[in-house]
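For reference, the structure discussed in these notes is given below.
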Amino acid sequence: MGAQEEAGRHRVTYGPASDAGPYSPGWSPEEDLALRSLAKYEAHTGRPLPPLHIDIRSEIPVGRGLGSSGAAIAAALLLAAAADEAAGETPLARRALISLALELEGHPDNGTASLMGGCTAAVPTPGDPAGDMAIVEVPIHDSLGLAVAWPRTPLFTHEARAVLPCEVPLADAIENPRRLALLLEGLGTGDPRLLRLGVVDRIHERFRRALVPGVDEAIAGAIEAGAYAACLSGAGSGVVAIGEAGSMDAAAAAMARSLDGGFGRAVDVVRVRPRVRQV
Ligand SMILES: Nc1ncnc2c1ncn2[C@@H]1O[C@H](COP(=O)(O)OP(=O)(O)O)[C@@H](O)[C@H]1O
Ligand SMILES: N[C@@H](CCOP(=O)(O)O)C(=O)O
């Protein structure tokens, strides 16, 4: 059993490191996002939860742009809702949990996907009469599979945000949503060309790639190994490649080889959805 944090009546423990690397426990109860999520749930409902013990066994490495923090928040909030219901209360709905996840992480990018599954786009819309967030589930074609890889060294989102310029050239700001349109269509149809063109980013990636030794080689290696496209995952330091489901092991291995102390694996995350749904 790994480190143990206690906050009030709740407790969190961490399982042993997996082959994905250590989960890096050791946060204080004030820092630990799982415990903070329980406290957030209680503050929002105004009622205490029964004493809870969360035992986290996560294979998602921390600080690699793969959403470990959003996953921990989602797991703790779902546990809180289940415990609330078991205690005879009406639990917070998923929509409310997503808003709490946004407040806890500061952005909705990972928490929303962790709470909903599949691929999501979430945009905070404060002041909008229809609600404070617009959430869209993006359909992914069932021919597609992913590979992820990450180096030994983490890159925390706040560090990766600090290197971004406050202003971007107009041409880059225009090009990114154009490419996003291709990416969304590529995800829905599985078209390799649209995916290759759609992952190209001109806003954040070149600044962040400079922080991750070997990332250019990792991306080139994934393409050579048959992936349709590859890019930095989230804020980094991980890398993600997309290609044909069931044949992404070579891309994962190629990316891992290029990253310092790299790990990699193919991931079967495809969730087929018939059309875009709004939540
Ligand atoms: N239970 C937890 N699980 C994951 N990250 C946590 C947890 N508690 C606190 N953190 C903090 O969240 C941050 C990781 O988030 P971030 O930098 O966005 O990377 P990731 O892509 O892994 O979510 C780290 O600063 C880490 O210390
Ligand atoms: N998409 C945001 C936040 C990324 O978070 P991460 O946990 O996936 O690194 C950004 O790029 O800043």
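Whatever order the structure lists ligands and atoms in, that order sets their numbers, starting from 1. One-based numbering along the sequence shown. These numbers were taken from a predicted model, which means no experiment stands behind them.
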Assess R64 for proximity to ligand 2: is some non-hydrogen atom of it under 4.0 Å away?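 Heavy atoms of R64 never come under 4.0 Å of ligand 2.
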Over 60° means perpendicular and under 30° means parallel, so tell me whether W150 and F263 are parallel, tilted or perpendicular. parallel
Identify, for [atom], the protein heavy atom at the shortest distance, and state residue, atom and that distance.
{"atom": "atom 4 (C) of ligand 2", "result": "A235 N, 3.9 Å"}
{"atom": "atom 1 (N) of ligand 2", "result": "D109 OD2, 2.6 Å"}
{"atom": "atom 11 (O) of ligand 2", "result": "R208 NH1, 2.8 Å"}

Test your reading of the structure: does [X] have an N or O sitting under 3.5 Å from an N or O of ligand 2?
{"X": "S233", "value": "no"}
{"X": "S69", "value": "no"}
{"X": "R161", "value": "yes"}

Close-contact set for ligand 2 against [X] heavy atoms, below 4.0 Å:
{"X": "G65", "answer": "6 (P), 8 (O), 9 (O)"}
{"X": "N110", "answer": "5 (O), 6 (P), 7 (O), 8 (O)"}
{"X": "G234", "answer": "8 (O)"}

Please name all residues satisfying salt bridge (Lys or Arg N to Asp or Glu O under 4.0 Å) with D84, sequence neighbours left out, ordered by chain then number. R47
Run the salt bridge (Lys or Arg N to Asp or Glu O under 4.0 Å) test against R161 and tell me which residues pass, sequence neighbours left out.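 R161 satisfies salt bridge (Lys or Arg N to Asp or Glu O under 4.0 Å) with no residue once adjacent residues are dropped.
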Can you name the residues that come within less than 4.0 Å of ligand 1, going by heavy atoms only? Y14, Y23, W27, E31, D32, L33, P61, V62, G63, R64, G65, L66, G67, S68, S69, A72, E105, F156, T157
If I compare all heavy atoms of R209 with all of V215, which pair ends up nearest, and what's the gap?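 Closest approach of R209 to V215, heavy atoms only: O-CG1, 3.5 Å.
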I'd like to know if the side chain of [X] and the backbone of [Y] have a donor-acceptor N/O pair within less than 3.5 Å.
{"X": "S237", "Y": "L211", "answer": "no"}
{"X": "S28", "Y": "E31", "answer": "yes"}
{"X": "E105", "Y": "L102", "answer": "no"}
{"X": "E85", "Y": "A82", "answer": "no"}

Distance-only polar pair, side chains of E42 and H10, donor-acceptor under 3.5 Å: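 Yes.
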Per-residue contact class, H107 against ligand 2 - non-hydrogen pairs under 4.0 Å: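 Contact part for H107 vs ligand 2: side chain (C-beta onward).
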Can I get a per-line list of side-chain donor-acceptor pairs under 3.5 Å for residues 187-197, giving both atom names and the distance, sequence neighbours left out?
residue : atom : partner : partner atom : Å
T189    : OG1  : E185    : O            : 2.8
T189    : OG1  : D191    : N            : 3.3
D191    : OD1  : R193    : N            : 2.9
D191    : OD1  : L194    : N            : 3.3

Please say which of E59, M248, M255 ends up in a side-chain contact (heavy atoms from CB on, under 4.5 Å) with R265.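 That would be E59; it is the only one of E59, M248, M255 passing the side-chain contact (heavy atoms from CB on, under 4.5 Å) with R265.
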